[in-house]
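First up is the structure itself, then whatever we jot down about it.
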Amino acid sequence: MSFETLDHLVYATTDLEKSASELAELLGCVLQPGGSHTGLGTANYLMSLGGSHYLEVIGPDAGQPKPERPRPFGIDELEKPGLVTFAVSAGDIDRQCR
């Protein structure tokens, strides 16, 4: 299996606002609010890495109730924030998964 390109990196945290602020200061950039993930209990901030690549900072959404199931990326069990995974893009996903 091969993939065409890296799409984005995923940085998970238990405190979204704090981590977005700390990363912005550390990296000397601005992270933009990405949005809320209804039903998952999460929201994110995004930072461009150039081209179509970006860093996603994801954590609990204070505007949503705690979801019935665990939040994605092990957010509820994290001991500290950090990179948890990456996502790739593929032009022909069916062909890539054969």
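All residue numbers in this chain count up from 1 along the given sequence.
Expressed to the nearest 0.5 Å, how far OG of S89 lies from NE2 of H8 amounts to 10.5 Å. Atom CD of E56 and atom CG of N44 lie 4.5 Å apart (nearest 0.5 Å).
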Taking only distance into account, with no hydrogens and no angle test, what donor-acceptor pairs under 3.5 Å do side-chain atoms of residues 21-32 form with protein atoms, sequence neighbours excluded?
none

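Listed by first and then second residue, the ring pair (Phe, Tyr, Trp, His ring centres under 6.0 Å) pairs that reach into residues 16-43 come to none, sequence neighbours excluded. A salt bridge (charged side-chain N to carboxylate O under 4.0 Å, His left out) check over residues 69-78, counting only residues at least two apart or in different chains, returns the pairs R71-D76. The side chain to side chain donor-acceptor pair (under 3.5 Å) contacts involving residues 78-88 comprise nothing, where partners must be two or more places apart or lie in separate chains.
The heavy-atom pair separating L16 from P60 by the smallest distance is CB-O, 3.9 Å.
The hydrophobic clustering, which links ILVMFWY residues whose side-chain heavy atoms are closer than 4.5 Å, places L83 and M47 together. A continuous path of Ile, Leu, Val, Met, Phe, Trp and Tyr side chains, each step under 4.5 Å between heavy atoms, connects L55 with L6, placing both in one hydrophobic cluster. Cluster membership check: I75 does not share its hydrophobic cluster with Y11, using side-chain heavy-atom separations under 4.5 Å among Ile, Leu, Val, Met, Phe, Trp and Tyr. A chain of hydrophobic side-chain contacts below 4.5 Å, direct or via other Ile, Leu, Val, Met, Phe, Trp or Tyr residues, connects L49 to V57. One hydrophobic cluster, built from ILVMFWY side chains closer than 4.5 Å, cannot hold both F86 and I58; they sit in different ones.
Remark: E17 pairs with Y45 by the side chain to side chain donor-acceptor pair (under 3.5 Å) rule, at least two apart or across chains. Taking the side chain to side chain contact (heavy atoms under 4.5 Å, CB included) definition, one finds that S36 meets it with D61, Q64, sequence neighbours left out. By the side chain to side chain contact (heavy atoms under 4.5 Å, CB included) test, T38 pairs with no residue at all, sequence neighbours left out. Annotation: salt bridge (charged side-chain N to carboxylate O under 4.0 Å, His left out) contacts of D7 (sequence neighbours excluded): none. Judged as a side chain to side chain contact (heavy atoms under 4.5 Å, CB included), and not counting sequence neighbours, the contacts of P72 are L40, T42.
Residue Y54 is found in a hydrophobic cluster whose other members, listed by chain and number, are L46; membership requires side-chain heavy atoms under 4.5 Å apart, directly or through intermediates.
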